[in-house]
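Here's the structure we're looking at; comments come further down.
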Amino acid sequence: MELILISGMSGAGKSRAAAVLEDAGFYCIDNMPLSLIPKFAEICFQAGGKIEKVALVTDVRGMDASEDFYDSLSELKNAGYPFKLLFLDANSETLISRYKETRRKHPLSSRFHGSVAEAIDYERELMQKMRDCADYVVDTSRLSPTQLKEQLVGLFVEGGQKSLMIVSVVSFGFKYGAPADADLLFDVRCLPNPYYVLELKDKTGLDSEVYDYVFSFEDANTFFDKLSDLVHFLIPLYIEEGKASLVIGIGCTGGKHRSVSFAQRLNAFINESGLAHSVVTHKDIGKK
């Protein structure tokens, strides 16, 4: 039987993750207390193959005490029940924004007189040990629902490259700041800037005119060839080291032209190479 434990920050997408796995044939239960997980796992494993795939969601409300976390996981391991722990995270700014948009109450906000920001900070402290023990950590800060689904399918669904690393290629503008979670950063500001071409200024690297302009220069193609060679060399090393996800940041001045073009091409290269499952995000493409 395949058992996945889903946890993470409130508002980071645990319920959405459970829905994706449920669509993929997993039997899912939301908001299960940690102390009940070993007993439920025992029932499932002893069902004689009637239940093949299970995903259990637990959150900060199930962590009555820090030792509950270790006791439950230790009990699973000692009983010989194999499992994977998926932790969903997001930066505090994004979590606050999501709570404002949905107008939902954070499960810990009553302890802080309704302050969502303080509740998130406290929750992050409580959940850090679980995050450190996770087999997979997925940051949903910049992921659309479709991109989150792609990552989860890549990790857990048969035929969805579950054994491969998840690579997130992020384009950004240096004037807005580099992504804090980037493992690798590349600067393409040394290349000709389409911003100074009048008919390209208001377009982006998603437009063929800008993409073709960026790669019309020999230096840009040489840059990409060397970048792709490096990435092709590094990904197997990261996989061998046990890293489950990799964030590659590619930056230009404003994050609209050169970085977007390179991110698009690198994302396609990684997926076509078969080394990893890659998704692309354009962090600053809509900014002025």
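What's counted below: heavy atoms across the whole structure, side chains too, no hydrogens, waters or symmetry copies. These numbers come from a predicted model, not from an experiment.
- Taking the six-membered ring wherever Trp is involved, the centroid distance between the rings of Phe174 and Phe172 falls below 6.0 Å.
- Ring centers of Phe156 and Tyr136: under 6.0 Å apart, within the cut-off.
- Under a 4.0 Å N-O distance rule, the pair Asp30/Lys14 does not qualify as a salt bridge.
- Residues Phe262 and Phe186 keep their aromatic ring centres 6.0 Å or farther apart.
- Under the 4.5 Å side-chain criterion, counting only non-hydrogen atoms from C-beta, Arg16 is not in contact with Leu143.
- From Asp89, atom CG reaches atom CE of Met9 across 6.5 Å, with rounding to the nearest 0.5 Å.
- What you find for Val167 and Ala276 is that their closest heavy atoms are CG2-CB, 3.7 Å.
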### Message
Go through it in stages, so that I can follow the logic: the residues are Arg98 and Glu101, the test is salt bridge (charged side-chain N to carboxylate O under 4.0 Å, His left out), and I'd like the CA-CA distance, side-chain angles, deciding distance and then a yes or no.
### Response
CA-CA 5 Å; Arg98 288 175 182 173; Glu101 290 173 359; over 6 Å; no
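- The neighbour count for Phe215 CZ, taken as heavy atoms of other residues, nucleotides or ligands under 6.0 Å away, is above 12.
- Within the 4.5 Å cutoff, side-chain heavy atoms of Asp219 are placed close to those of Leu191.
- Residue Tyr27 qualifies as open at atom OH: its count of foreign heavy atoms under 6.0 Å is 12 or below.
- The backbone N or O of Gly13 lies less than 3.5 Å from no partner atom in the side chain of Thr140, so there is not a single donor-acceptor pair.
- Residues Leu152 and Ile6 share a single hydrophobic cluster, defined by chaining ILVMFWY side chains whose heavy atoms lie under 4.5 Å apart.
- For Arg104, the CZ atom sits in a loose shell: 12 or fewer heavy atoms of surrounding residues, nucleotides or ligands are nearer than 6.0 Å.
- How far CD of Glu52 is from CG of Leu3: 14.0 Å, rounded to the nearest 0.5 Å.
- In Glu93, the CD atom is not crowded: 12 or fewer heavy atoms of neighbouring residues, nucleotides or ligands sit closer than 6.0 Å.
- Closest heavy-atom contact between Val214 and Ser261: CG2-OG, 3.7 Å.
- Annotation: the span from His232 atom NE2 to Leu275 atom CG amounts to 4.5 Å, rounded to 0.5 Å.
- Under a cut-off of 6.0 angstrom, the local environment of CD in Glu218 is sparse, with at most 12 non-hydrogen atoms contributed by other residues, nucleotides or ligands.
- Within a 6.0 Å sphere centred on NZ of Lys283, other residues, nucleotides and ligands contribute more than 12 heavy atoms.
- By the neighbour-count criterion of 12 heavy atoms within 6.0 Å, atom NZ of Lys39 is sparsely surrounded, having that number or fewer from other residues, nucleotides or ligands.
- Of all non-hydrogen atoms in Thr281 and Gln147, the two that sit nearest each other are OG1-NE2, 3.7 Å.
- Ile270 and Ser278 get closest at one heavy-atom pair: CG2-CB, 3.7 Å.
- Ring geometry for His106 versus Tyr99: interplanar angle of 30 to 60°, hence tilted.
- Of the possible polar contacts, none joining the Ser171 side chain to the Ile250 backbone as a donor-acceptor pair under 3.5 Å is found.
- Taking all atoms of both residues into account, the shortest heavy-atom contact from Met127 to Gly8 is CE-O, 3.5 Å.
- Heavy atoms of other residues, nucleotides or ligands lying less than 6.0 angstrom from CD1 of Ile43 number more than 12.
- At least one test fails for Arg111 against the ring of Tyr122: distance under 6.0 Å to the centre or angle within 45° of the axis.
- A donor-acceptor contact shorter than 3.5 Å is absent between the side chain of Arg265 and the backbone of Phe224.
- To the nearest 0.5 angstrom, Asp121 atom CG is 11.5 Å from Leu126 atom CG.
- Note on Tyr213: it does not cluster hydrophobically with Tyr195, by side-chain heavy-atom contacts below 4.5 Å among ILVMFWY residues.
- Counting all heavy atoms, side chain and backbone alike, Leu95 lies closest to Ser10 at CD2-O, 3.5 Å.
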